[in-house]
Amino acid sequence: MNAPLDATSLNSLRIGPDENGRFGIYGGRFVAETLMPLVLELEQAYATAKTDPAFKAELDGYLKTYVGRPSPLYYAERLTAHVRALAKAKGLSGGAKIYFKRDELNHTGAHKVNNVTGQIMLAMRMGKKRIIAETGAGQHGVATATLCARFGLECIVYMGAVDVERQKPNVFRMEMLGAKVVPVQSGSRTLKDAMNEALRDWVTNVDTTFYCIGTAAGPHPYPMMVRDFQCVIGNEVRVQMMEAEGRLPNSLIAAIGGGSNAIGLFHPFLDDRDVEIYGVEAAGRGVDSGEHAASLTGGKPGVLHGNRTYLLMDDDGQIVDAHSISAGLDYPGIGPEHAWLKDVGRVQYISSTDQEALDAFQLCSKLEGIIPALEPAHAIAKVVELAQLKSQDHLMVLNMCGRGDKDIFTVAEHLRGGM
Amino acid sequence: MTTRLFDTFSTVASEKRAALVTYIMAGDPDRETARALLESLPAAGSDIIEFGMPFSDPMADGPAIQKAGLRALKAGQTLRKTLEDIAWFRTINSITPVILMGYYNPVYVCGVETFLNDAKKAGVDGLIIVDLPPEEDSELCLPALKAGLSFIRLATPTTDEARLPKVLSNTSGFVYYVSINGITGTATPDYSLVSAAVARIKRHTDLPVVVGFGVKTPEDAKAISKGAEGVVVGSALIDCLQKSLDETGQATPDTVKNVLDLVRSLALAIKDKG
């Protein structure tokens, strides 16, 4: 194994973004002038906080005692045995050893809280008392509502009306936590429209408001900042795998909507070139069906929500609706760093359909006693395929980025009614 | 600055009044009606036309313009058709400046060079692209200036003294002062704050300053136009258009008439020195 590169080396894949917020041609600051001073102020505030040991100590403290970090690295023994049996049935001798990074055990049930805790600490340093957020599956909204409750901040969550309907338990949770959930009726009434509406709120309430973006996308510095806050996932995996196996993993795999849980796992390993990295997009009813959310596999570069990245759109540059059974993956874009990692070939981006995710959801529940969220279920589906092709000493880490309690009604409906 | 913009602001200045800048959405509610409006706006008193390029995700726009964009897209409007509409307008009107206003993605997907060539050929005078701040000037602003198209920048209440020179550095044609923090067609601006802001911008530039966002009535237009070289009315026209549609969202015989009546009353108010 090659020695990890220093992140300041020009050969490092971890030095992005540049001073203009670019990862190659991706990223940037494509926002209205009204927001530009705010984005610059945020960049400055984050740069200061990042180098302040007091900020790090405070954040680490809350991550430990409030969020419950570090999350365990768990050997998924029965899933491993299942994969090895599948391999054997095909006459193969393989079957990687599968580990789950248990970020679904975090307070609020997903990885989202890692980022929200960081952003809320920052908002308070900046003296902002009103927090807005967009949410798809509701996990980011719940995490934001939770931290706002904890620190006594006003919280407004924009959520597509379609998502409000299909993620009712999370809407109720947010309301219990004192947040105001605003159902967004414009456009396709899902995550992208929630983000439009949050941006409209921010541009209207510039003096008081901090926009807590839930994924590693949006105008610079959000993609970088959200990634940094999520890197706790990959940093822990490095340490935990050394403890468990005395070496780094051979491969990493994570589901991708906007891509924050994935970049958090991947980024600390980008310079370990022997580590294979897989990002799994939502193929919905199939990438060829046109009803999917696989921006990298089925989209092309464009500009939306403050950054240049791969987008699902028509020939005229109009954004088209994404589709996925998972509300958390149902977004027609992707974080700009993933767009760049695709182009440079460091990460392999693949996809799972709704049906594959549903099958993996049930498989994982029955074999491991862990009900995964539909988002990581997409990655589990590919773990089952890929692990069969790897040798038995291959260490594969899946990011279990959320738990499935919120999805049980959606899944039940699909199992009853068929796809 | 294109000669058309220069001539318009000179004429308006000689008449000791502000220019009336009217915004309509290309293809809204259908291409034919939007063309009929385009054709008749100058005679109704519009000095400069902002022609909206519909986009699926207009982050800086309020409900009226959001709906207008969706109506236009549903009726089949595309960037290509929008440019054709302007080329058509130029066969009947060679003096009224036309500014294309919208978002970057459709332009980026079309290809910056192709877009600028075609826009110039069609007779476009300038561009307002909401999501391209000066930090992204190399994307479209600098190529547009090189191609001979004005790139009109938005200055806002959050653009402070330190930032203003950066915002004004590559702007041309005129400066568009956004009178409120917010989205189009919502809050009504505080007139005294607006005139102070316009005066502040004028200390930094000789370009005409035009004020928009939240100008709804002839009275608003009159109040805002004092001290500025122009006033933009957009959402109010779109609201008027929307109210004239039938229950299926189609144009009626009132559509063009009602919008033009409102434009005439706005033009009158601006000319009224009382």
Side-chain angles (χ1 to χ4, degrees), chain A residues 19-22 25 27-41 43 184-188 192-193 195-209 218-220 299-309 311-321 332-333, chain B residues 53-63 66-67 69-70 72-73 76-82 102-111 115 129-136 138-140 153-160 162-164 166-167 176-178 180-184 186-187 213:
Chain A
E19 66 281 9
N20 296 315
R22 297 296 181 102
I25 66 163
R29 285 179 285 224
F30 296 89
V31 294
E33 171 60 22
T34 313
L35 291 182
M36 205 52 225
L38 281 78
V39 163
L40 294 173
E41 181 197 359
E43 185 182 342
V184 175
Q185 300 289 355
S186 60
S188 59
K192 84 172 171 74
D193 310 287
M195 197 151 181
N196 288 334
E197 215 53 43
L199 284 163
R200 289 177 188 129
D201 179 313
W202 202 24
V203 90
T204 308
N205 299 293
V206 290
D207 296 328
T208 55
T209 300
H220 179 64
K300 56 187 176 178
V303 175
L304 180 70
H305 293 154
N307 58 174
R308 177 164 25 231
T309 188
L311 299 172
L312 299 178
M313 56 185 162
D314 67 15
D315 293 341
D316 190 43
Q318 308 298 335
I319 309 304
V320 299
D321 295 348
Chain B
M53 301 182 279
F55 181 49
S56 53
D57 293 81
M59 281 107 58
D61 284 304
Q66 289 174 38
K67 283 183 196 145
L70 292 179
L73 291 173
Q77 193 69 14
T78 60
L79 182 55
R80 175 108 341 260
K81 287 182 182 171
T82 300
Y103 294 81
Y104 185 39
N105 196 53
V107 171
Y108 177 70
V109 169
C110 167
F115 169 78
I129 306 294
V130 179
D131 51 352
L132 285 178
E135 280 73 8
E136 303 292 353
S138 59
E139 294 281 335
L140 182 65
R153 192 89 66 192
L154 305 177
T156 70
T158 61
T159 314
D160 61 17
R163 187 168 166 77
L164 203 46
K166 190 178 178 84
V167 168
Y176 187 137
Y177 181 66
V178 174
I180 52 162
N181 284 327
I183 51 180
T184 52
T186 50
F213 277 48

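Numbered from 1 within each chain, the chains take letters A, B, ... in sequence-line order.
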Sub-4.5 Å side-chain heavy-atom contact between Thr204(A) and Thr186(B)
no
Atom pair OH (Tyr176(B)) and CD (Glu33(A)), whose distance is rounded to the nearest 0.5 Å
14.0 Å
Measure Val167(B) against the heavy atoms of chain A and call it side chain, backbone, both or neither at under 4.5 Å.
side chain
Nearest heavy-atom pair of Lys192(A) and Ser56(B): which atoms, and what distance?
NZ-O, 4.3 Å
For the residue pair Val109(B) and Asp315(A), what are the closest heavy atoms and their distance?
CG1-O, 3.6 Å
Shortest non-hydrogen pair, Thr158(B) vs Val206(A), comes out as CG2-CG2, 3.7 Å
Non-hydrogen atoms of chain A under 4.5 Å away: do they reach the side chain of Asp160(B), the backbone, both or neither?
neither
For chain A, find which of Ala155(B), Pro106(B), Cys110(B) contributes the most heavy-atom pairs closer than 4.5 angstrom.
Pro106(B)
Chain A contact via Ile129(B) - which portion, at a heavy-atom distance below 4.5 Å
neither
So which residue, Asn20(A), Leu38(A), Thr34(A), ends up with the most heavy-atom pairs under 4.5 Å with chain B?
Thr34(A)
Heavy-atom distance under 4.5 Å between the side chains of Leu40(A) and Arg163(B), does that happen here?
yes
Heavy-atom proximity to chain B below 4.5 Å, by part of Met313(A):
side chain
With rounding to the nearest 0.5 angstrom, report the CG to CD distance, Leu70(B) to Gln318(A).
9.0 Å
Atom group of Pro157(B) that falls short of 4.5 Å from chain A, counting heavy atoms
neither
Interatomic spacing from OH in Tyr103(B) to CD1 in Ile319(A) - rounded to 0.5 Å
12.5 Å
Proximal component of Pro301(A), with respect to chain B [non-hydrogen, under 4.5 Å]
both
Closest non-hydrogen contact found for Ser186(A) with Gln66(B) is CB-OE1, 3.6 Å
In terms of heavy-atom pairs under 4.5 Å, which option from Glu139(B), Arg80(B), Lys67(B) contacts chain A the most?
Glu139(B)
Output the distance between atom OG1 (Thr82(B)) and atom CG (Asp316(A)), rounded to the nearest 0.5 Å.
7.5 Å
Using non-hydrogen atoms only, which part of Phe55(B) is less than 4.5 Å away from chain A: side chain, backbone, both, or neither?
both
Are the side chain of Glu136(B) and the backbone of Arg29(A) linked by a donor-acceptor contact shorter than 3.5 Å?
yes
Is there a side-chain contact between Val203(A) and Thr156(B) (heavy atoms, below 4.5 Å)?
no
Taking every heavy-atom pair that is under 4.5 Å apart, which of Pro63(B), Pro58(B), Ala187(B) has the most such pairs with chain A?
Pro58(B)
What's the spacing between Phe30(A) CZ and Met59(B) CE if we round to 0.5 Å?
11.0 Å
In terms of heavy-atom contacts, Met36(A) and Pro133(B) come closest through SD-CG, 3.7 Å
Please name the pair of heavy atoms, one in Asp193(A) and one in Asp57(B), separated by the smallest distance, quoted to 0.1 Å.
OD1-OD2, 4.2 Å
If you measure from CG on Asp131(B) to CG on Leu35(A), what distance do you get to the nearest 0.5 Å?
11.0 Å
